[in-house]
Amino acid sequence: DVKVTQSSRYLVKRTGEKVFLECVQDMDHENMFWYRQDPGLGLRLIYFSYDVKMKEKGDIPEGYSVSREKKERFSLILESASTNQTSMYLCATAWGVNTGELFFGEGSRLTVL
Amino acid sequence: GQQVMQIPQYQHVQEGEDFTTYCNSSTTLSNIQWYKQRPGGHPVFLIQLVKSGEVKKQKRLTFQFGEAKKNSSLHITATQTTDVGTYFCAPTTSGTYKYIFGTGTRLKVLA
């Protein structure tokens, strides 16, 4: 079974802090994704990566950056956290391009005070 | 950019009633996937549709892809309490690695 592990289930940070959310997968998948999920808005794509050191902006990249130094690890970075970034963050991986199913991690619930 | 509307946003049904959620795109799709997210859980893949007019069934769930490949539906026959959750469509268009999601339909089943 594919395992997608997110480093923290719950985080509480203060406005202005730098936040790292890490995601590790064990299935050698090329594609990795970061989404945020908010009530009524569904899942919105922040960034994705289709190869090591490659990254592409999703629909809401503002205020976020990512890092993919190794194939199995995809990190989401909030350089200066703000209260409107309080959300559930979901990491996902996929083998195929447009055709492979997404496998999700358990999610990281971030609260910014 | 691509717009994906999913309706309804919420649906409450009595156990045993049927349920349908619809996903509509402004652009022609390559394929569409459906996911289910249980309360407190993460989205889990249900199925993928690729062909125009395709219909697939999984027990009480019927998935359909429109002839023009711009819309899709998920129908549940005789809902059960285990069907509770949020159902998302995730359409893709050719030439992009992006997986985007509809806004989801939250289903509650009253016993």
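Within every chain, numbering begins at 1; the chains are lettered A, B, ... in the order of the sequence lines, protein sequences first and strands thereafter.
- Within the model, atoms CD1 of Ile100(B) and OH of Tyr35(A) stand 8.5 Å from one another, a figure rounded to the nearest 0.5 Å.
- The side-chain heavy atoms of Glu101(A) and Tyr99(B), taken from C-beta on, include no pair separated by under 4.5 Å.
- Linking ILVMFWY side-chain heavy atoms closer than 4.5 Å, directly or via other members, places Ile60(A) and Phe74(A) in a single hydrophobic cluster.
- With a 4.5 angstrom heavy-atom cutoff, Tyr35(B) touches chain A only via side-chain atoms.
- Between atom CD of residue Gln37(A) and atom NE2 of residue His42(B) there is a gap of 11.5 Å, rounded to the nearest 0.5 Å.
- Cluster annotation: Ile76(B) and Tyr22(B) are assigned to distinct hydrophobic clusters (Ile/Leu/Val/Met/Phe/Trp/Tyr, side-chain heavy-atom contacts under 4.5 Å, transitive).
- Residue Arg106(B) places its CZ atom among 12 or fewer non-hydrogen atoms of other residues, nucleotides or ligands, all under 6.0 Å distant.
- Atom NZ of Lys55(A) sits in a sparse spot, with 12 or fewer heavy atoms from other residues, nucleotides or ligands closer than 6.0 Å.
- Around CZ of Arg14(A), the count of heavy atoms belonging to other residues, nucleotides or ligands within 6.0 Å does not exceed 12.
- Using a 4.5 Å heavy-atom cutoff, the side chains of Phe104(A) and Phe45(B) are not in contact.
- Proximity to chain B at a heavy-atom threshold of 4.5 Å picks out Gly40(A), Leu41(A), Gly42(A), Leu43(A), Leu45(A) from residues 38-47 of chain A, in numerical order.
- Note on Val13(B): it clusters hydrophobically with Leu74(B), by side-chain heavy-atom contacts below 4.5 Å among ILVMFWY residues.
- In the hydrophobic cluster analysis, where Ile, Leu, Val, Met, Phe, Trp and Tyr join through side-chain heavy atoms closer than 4.5 angstrom, Trp34(B) is grouped together with Leu107(B).
- Residue Leu46(B) is grouped with residue Val109(B) when hydrophobic side chains (ILVMFWY) are merged at heavy-atom distances under 4.5 angstrom, including chains of intermediate members.
- Of residues 82-94 of chain A, those residues with a non-hydrogen atom less than 4.5 Å from any non-hydrogen atom of chain B are, in numerical order, Leu90(A), Ala94(A).
- Using a 4.5 Å cut-off between heavy atoms, Gln6(B) makes no contact with chain A at all.
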